[in-house]
Amino acid sequence: MYSLIVKQFIRSKTVVLTTILILALGMISILIGEQFLAKQEKAIAEVTRHQQEHITRNVHWHHDEIGLLLYYLRFALINKPDKLAALSIGQRDVNASIQSVTIRNLEGQRYDTDLSNPSNLQSGNLDLGFVIIYLFPLLIIAFTYDLLSEEKETGTWRLVAVQSKSILRYLLYKLSVRAFLLYAVLFMLFVIAILKLSLPLNETLVAFFVLSVLYLAFWFALCFWIVSWQWHSSFNVLTLLSLWVVLAILLPASVNNFLANQYPVPEALSTMVKQRDGYHEKWDMEKEVTMDKFFAHYPQYKNYRWAGDGFNWLWYYAMQQMGDDESREQSEAMREKILQREQASRAVALAIPTMHAQLLFNDIARSSLGNHMEFLDQTYEFHERMRLYFYPKIFENASAAEEDWTQFKPEYFTGKNEVHWAGMVIPLLFITTVISVLSAYNVRRLKAM
Amino acid sequence: MQKDLVLLIAKQFWSSTFKLKAMYPILCIVVLILAYAAYSGWKNYTTHNHIRNHYQQVVRQSWESNPDKHPHRMAHYGSFAFRLKHALSMFDFGLESFTGNAAFLEAHKQNTVNFSEASFSTGLLRFGEISLAMLLQIILPLIIFFLGFASVATERENGTLKIVLIQGAGWKEILFGKSLGLMGLALLFFIPVALATMLLLFIIEDKALTMDVWLRYAAIVISYLLFFQILCIVTVLVSAISQSAKDALIKLLGVWLFFIVLLPRTTQALGSYCYASPSKIEFESLIEEALIKAGDSHNPDDPHFSALKDSLLLAHQVSSVEQLPFNYSGFVMREGERISTHIYNDHLHALLQTYEKQNSFTRLTALINPYVAVKNISMALSGTDFESYTAFQKQAEAYRYQLAQEMNELQMELISNKKLGPDDEPYTISREYWKKFPDFKYQFISISAALRSELWSIIALVVWSIASFGFILYLSKKAKAI
């Protein structure tokens, strides 16, 4: 009987056509991911080359004054994308992956955005994550909505009901054929992605795959549950598509609106204004005001003295430092606000599989907002390290010629790639199990009519 | 064509739809989402405009309250431009969430426009946002398909179609009647959205509530009416050519998925694939290179500036720059700013053109996809489209340039050419000059400019509207009753 069910299923033109369509879209999405990685690689190569040239040129121009030289020099920190980011580009197209900063006031530099076409950002990336989260469920709906009603509407149901020992088993057979085909397509797409992007076979890749499998299992369970109510085909497809619209568009979008309204970030603007004022207003004050604060922050530099009323670099960099020090409170508040958004969306996502899948794909691929926040923190550390390395040299007016400038190559930030299996698997498993139990209960009540 | 009959069929379709049990839950859900969308549009607009207005005032005050100082210090002190939202952005968020909102404007340097909503957003932004316009563009078409897929096909299935045709109604009457009835249902959903938008425009107490806003509003309403008219006719026609209601439903859902979910994303991806845009570092280093070629005022041995100096000394018949009748470094900076701004603007222009080329693929599909047409028109009229964003960017840059050059000119005019000794008081000018410099005022692009930029989409929508009537006439000659 199983082979007959298979034959009947794959003989449908719609099935063949939509399967080819999703394979094609899946492959396009992998190409889009590959292109994204290539673009990032190119930018990284570019910044590496440029930093070298930029340092050489400026050292040539300003070698006699290291204070002035460091005013110009920029050092890059790169948030190198994981290869998996090709499968789930996440927030990486919005947030810059390269920070190129001078040792001056950091708060005025680290939020600078990348160049991007806002229309591209709005339309969103057609990555494999999108194909899995949006399109696979549609296929599942298309393949299963008439699982049972089709038999009723064509009049074969009574025959089937009489001839098969267990109705539940018969329906599960039918369902499993559909599941097998779609999982095969999913598996093929992963194989293609692994070959095309030369993805390393590691825990994160397995996590990405397992998450996809479970996510689709949720949709199979949901469809089966709707089918088990024995409504008409048209009603089923309407209900399922409405559920899809609610789960994949309306709910997540509403939550996003809610978070944006609940946690506006005026702190971003106050940081921006405060970092300027913190620095610039010092020009109009006595030098002691700035220096006292500076020495309080960095007691190790207390012994440096300055001469005369005129300009000197010690004072200048101390003023720049004040931009950061005095906007610290605002920038911390901004960070807190953004983390609140992140936490709130995670909490809600536990109950909604589409959102859960999206956020976790981004986590696994290190393309989430959380990853960017870590990168911003890391930029702070990096900047502080560069700053403290050069401060004494500037204050002593050390010779720029004696510095080994070739050591300043772009540095890389590589965040942790941890997979929290329980947090990832349990919400999906739980929801899927509950729905499956409900459907089994429904099917047991089925009669041959 | 018998008008009475058309109306009768429309009425009959309307009342039979209300007998559907599903109709009331759908209405309730839509009303709920509508209320939420309206609320969040209003909240978003008032919160952000409040914040941005507040900071625009704060930075103005701090600008004016600066003490007497050297004008070049003021040029570095700089100012900020915050992007205000258009009143109609409550209706259509458009690109708002993906465009930057604040720029620091200082001498010598064009900073990026930072802090887009997207940069604070979690991965959920990928699912889109709920706005009144989104409701009309994505959800309402689906509802129209839900309500209309069975309109003709069911009558064919249960044989009533034959009876109606025998009783004297022609295909033309049936198709027009059903479309009209469906349009009536669509209006049932559309009118509350239009009223909610009007209400929002009234309650925000904005001085900006001028004729311009109402004209935009009217144009938006007309565009959506055309869009729904097209959808209703298409729905009825698909129903008429389908063997069964189920068949019609599957076709219509396919249309929805293809034209609303898949096609725009794919064409946008194709656009950015065909026209690669530079990365930031590439963009900046190209500008840097061009600047070094043209003359970099920060390079002490720059040939352009030494040549300029020589010719200046010659023209004024003096032997050193200290003897010039104006402040020489002010002059150098003015020239440097002029050159660098020119180069930057050229590159920015090229970049924006690349972006427009990327968008051109999607824009082109407006002709086959009325969804794209109405989406573009709606964004443009709501002041949330690509053009509006670049208008802000350009205005902010123009203001920055004006600020830098004004300070350079004050320096040329009022600062002495004599170099200061180490113990001299620094040169300053009166703070009155800061007050004289105007504040930044963001101007929305005019409605006529907005409409002109979306001419293609307008044409597409009108052509579709006319063609859809043509389809009815064509089909009414060919359709079969069985």
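Numbers restart at 1 for each chain; the letters A, B, ... are given by sequence-line order, proteins then strands. Side chains included, hydrogens not; waters and symmetry mates left out as well; all remaining heavy atoms used. Keep in mind the model is a prediction, meaning the values are calculated, not measured.
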Under a 4.5 Å cutoff for heavy-atom pairs, which residue among [options] has the most contacts with chain A?
options                                : value
B:His54, B:Glu284, B:His48, B:Met134   : B:Glu284
B:Ser277, B:Ser121, B:Ala118, B:Ser97  : B:Ser121
B:Asn114, B:Ile281, B:Val261           : B:Asn114
B:Phe145, B:Phe115, B:Tyr39            : B:Phe115
B:Thr266, B:Asn111, B:Leu257           : B:Leu257
B:Ser272, B:Pro278, B:Ala245, B:Pro264 : B:Ser272

Contact origin within [X] toward chain A - heavy atom pairs under 4.5 Å:
X        : answer
B:Phe104 : both
B:Ile26  : neither
B:Thr47  : side chain
B:Ala248 : neither
B:Tyr389 : side chain
B:Ile292 : side chain
B:Leu352 : neither
B:Asn101 : neither
B:Phe93  : side chain
B:His76  : both
B:Leu135 : neither
B:Leu249 : side chain
B:Glu106 : neither

Mutual orientation of the aromatic rings belonging to B:Tyr77 and A:His280 [parallel < 30°, tilted 30-60°, perpendicular > 60°]: perpendicular
N/O donor-acceptor pair under 3.5 Å between A:Gln358 side chain and B:Leu124 backbone: no
What's the separation between atom [atom1] in [X] and atom [atom2] in [Y], rounded to the nearest 0.5 Å?
X        : Y        : atom1 : atom2 : answer
A:Asn261 : B:Asn44  : CG    : CG    : 5.5 Å
B:Lys69  : A:Asp284 : NZ    : CG    : 3.5 Å
A:Ser234 : B:Asp247 : OG    : CG    : 10.0 Å
B:Thr122 : A:Arg346 : OG1   : CZ    : 8.5 Å
B:Phe127 : A:Leu247 : CZ    : CG    : 9.5 Å
B:Lys246 : A:Glu150 : NZ    : CD    : 6.5 Å

Pairs meeting criterion salt bridge (charged side-chain N to carboxylate O under 4.0 Å, His left out) with involvement of residues 39-53 of chain B, two or more places apart: none
Pairs satisfying salt bridge (charged side-chain N to carboxylate O under 4.0 Å, His left out), at least one member in residues 90-99 of chain A, at least two apart: A:Asp93-B:Arg126
If you define the side chain from C-beta out and look only at heavy atoms, does anything of [X] sit under 4.5 Å from [Y]?
X        : Y        : value
A:Ile28  : B:Tyr273 : no
B:Leu262 : A:Leu25  : yes
B:Arg265 : A:Phe130 : yes

Option that, when pairs with chain B are counted at under 4.5 Å, heavy atom only, ranks first among A:Val245, A:Leu251, A:Asn362, A:Leu269: A:Leu269
Stacked cation flag A:Arg341 on B:Phe120, 6.0 angstrom / 45 deg: no
A:Arg276 and B:Ser62: side chain donor to acceptor below 3.5 Å: yes
Residues in residues 353-362 of chain B near chain A [non-hydrogen atoms, under 4.5 Å]: B:Tyr355, B:Gln358, B:Asn359
For A:His50, ring pair (Phe, Tyr, Trp, His ring centres under 6.0 Å) partners two or more places apart: A:His54
